[in-house]
Amino acid sequence: MAFEGLLNDPVIQKYLHELVGPTGMPVAAAPPDGEVTDEELAEKLDLELNAVRRALFILYENDLASYRRVRDEDSGWLTYLWTFHYENIPENLESEMYRLLDALEARQDYEETNEFYLCEVCSIRFEFGEAMDFGFQCPECGSPLESMDNSMLVEAMETRIDELREELNVDVTG
Ligand SMILES: [Zn+2]
């Protein structure tokens, strides 16, 4: 198998699993060396043709597979010959990490710049403005809303953000 090393990596397994789901995983986990048709894969993996096609198109959308069409001169049928491009996985994972970093930074900023109030009975959280609108009383149960300390959450996000920045070699001052 051409990408055996990559596929032993649990991070990559998880990434592929999230992309294609459990039914597509047999396809994603068994990239052939050369070109392969969807029918060949379905037969080899004992899967429904539609499940194979669905997985292949998800891989295609994520730049992890490409295809070329060949017309059979006798029957006129089109055959799709697929090639897997798992060499693009590291780059895809890095883009995912950048997206996660952006989202975490935005979320951390939101947590830091807002004050929150909590109904301890319903476990519903309100921003300061909302809490004020409700007269600091829970609109669901009427309990008083308590000021909420989210510094633990912010700290946990900060740690994760630092880890990601380090992994991605992002300048902390940047
Ligand atoms: Zn409540």
Side-chain angles (χ1 to χ4, degrees), residues 1-38 40-42 44-45 47-68 80-118 123-130 147-174:
M1 199 191 291
F3 301 103
E4 208 164 340
L6 278 178
L7 289 165
N8 287 332
D9 186 332
V11 174
I12 289 174
Q13 283 174 10
K14 184 163 172 274
Y15 168 66
L16 289 172
H17 193 271
E18 277 169 12
L19 281 183
V20 300
T23 51
M25 206 47 198
V27 178
D33 282 330
E35 286 182 320
V36 68
T37 68
D38 41 9
E40 283 166 358
L41 276 178
K44 189 178 137 200
L45 301 169
L47 288 172
E48 297 279 335
L49 189 54
N50 278 341
V52 171
R53 285 184 176 152
R54 188 178 165 275
L56 286 170
F57 273 103
I58 292 171
L59 293 175
Y60 169 77
E61 284 170 351
N62 288 279
D63 296 325
L64 299 179
S66 65
Y67 64 84
R68 63 188 182 95
Y80 289 76
L81 290 166
W82 289 86
T83 308
F84 285 60
H85 295 290
Y86 279 10
E87 67 276 11
N88 293 335
I89 287 180
E91 201 181 308
N92 284 12
L93 281 176
E94 192 176 290
S95 311
E96 296 262 303
M97 281 167 70
Y98 273 109
R99 259 199 300 276
L100 179 61
L101 179 60
D102 282 349
L104 267 174
E105 284 173 342
R107 180 73 196 276
Q108 191 204 17
D109 187 55
Y110 168 76
E111 293 290 335
E112 270 182 337
T113 53
N114 281 284
E115 250 182 86
F116 297 98
Y117 285 79
L118 180 73
S123 298
I124 303 176
R125 196 172 80 148
F126 302 89
E127 287 178 24
F128 177 78
E130 294 173 313
S147 171
M148 188 190 172
D149 178 15
N150 67 346
S151 56
M152 296 249 297
L153 182 62
V154 172
E155 268 171 48
M157 287 181 165
E158 226 160 52
T159 306
R160 189 72 191 108
I161 287 169
D162 286 345
E163 284 169 2
L164 280 169
R165 280 176 177 160
E166 202 164 312
E167 270 182 86
L168 290 164
N169 282 316
V170 175
D171 189 350
V172 178
T173 59

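For clarity, every value in this text was computed on a predicted model and none was experimentally measured.
- The salt bridge (Lys or Arg N to Asp or Glu O under 4.0 Å) check on E35 picks up R68, with sequence neighbours excluded.
- In terms of the side-chain hydrogen bond (donor to acceptor under 3.5 Å, both in side chains) criterion, residue partners of S66 (sequence neighbours excluded) are, by chain and number, H85.
- Atom CE in M152 sits 11.0 Å away from atom CG in N150 (nearest 0.5 Å).
- Taking 4.5 Å as the limit, every side-chain heavy atom of L81 sits out of range of all side-chain heavy atoms of V36.
- Here E155 pairs with nothing under the salt bridge (Lys or Arg N to Asp or Glu O under 4.0 Å) rule; sequence neighbours left out.
- Expressed to the nearest 0.5 Å, how far CG of L93 lies from CG of N88 amounts to 11.0 Å.
- A heavy-atom distance below 4.5 Å is found between the side chains of Y15 and L19.
- Closest non-hydrogen pair, P26 versus L45, comes out as O-CD1, 3.7 Å.
- Rounding to the nearest 0.5 Å gives a distance of 12.5 Å between OG1 of T37 and OH of Y80.
- Remark: W82 CH2 to D38 CG distance equals 7.5 Å, nearest 0.5 Å.
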Acceptor/donor pairs from residues 54-64 side chains to any protein atom, 3.5 angstrom cut, sequence neighbours excluded:
unit_1	atom_1	unit_2	atom_2	d
N62	ND2	I58	O	2.8

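- In this structure, E48 has no salt bridge (Lys or Arg N to Asp or Glu O under 4.0 Å) partners at least two apart in sequence or on a different chain.
- Evaluation of the side-chain hydrogen bond (donor to acceptor under 3.5 Å, both in side chains) rule for E18 yields K14 as partners, not counting sequence neighbours.
- Partners of F84 by ring-ring contact (aromatic ring centres under 6.0 Å, His included), not counting sequence neighbours, listed by chain and number: Y86.
- Tested against R125 for a salt bridge (Lys or Arg N to Asp or Glu O under 4.0 Å), the candidates E115, E130, E111 yield a single pass: E111.
- For residues 89-109, there are no ring-ring contact (aromatic ring centres under 6.0 Å, His included) pairs, not counting sequence neighbours.
- Every residue two or more places apart in sequence or in another chain was checked for a side-chain hydrogen bond (donor to acceptor under 3.5 Å, both in side chains) with E167, and none qualifies.
- Under the rule for a side chain to side chain contact (heavy atoms under 4.5 Å, CB included), the partners of L104 that lie at least two apart in sequence or sit in another chain are L100, M157, R160, I161, L164.
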Q: Walk me through it: do L168 and L101 pass the test side chain to side chain contact (heavy atoms under 4.5 Å, CB included)?
A: CA-CA 10 Å; L168 290 164; L101 179 60; 4.2 Å; yes

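- Atom CD1 of I89 and atom CG of L7 lie 6.5 Å apart (nearest 0.5 Å).
- Not counting sequence neighbours, the partners of E96 by the salt bridge (Lys or Arg N to Asp or Glu O under 4.0 Å) test are R99.
- A pairwise comparison of heavy atoms in L16 and A28 identifies CD1-O, 4.0 Å as the closest pair.
- Side-chain contact check for L153 versus R107: some heavy-atom pair is nearer than 4.5 Å.
- Applying the side-chain hydrogen bond (donor to acceptor under 3.5 Å, both in side chains) criterion to E112, with sequence neighbours excluded, gives no partner residue.
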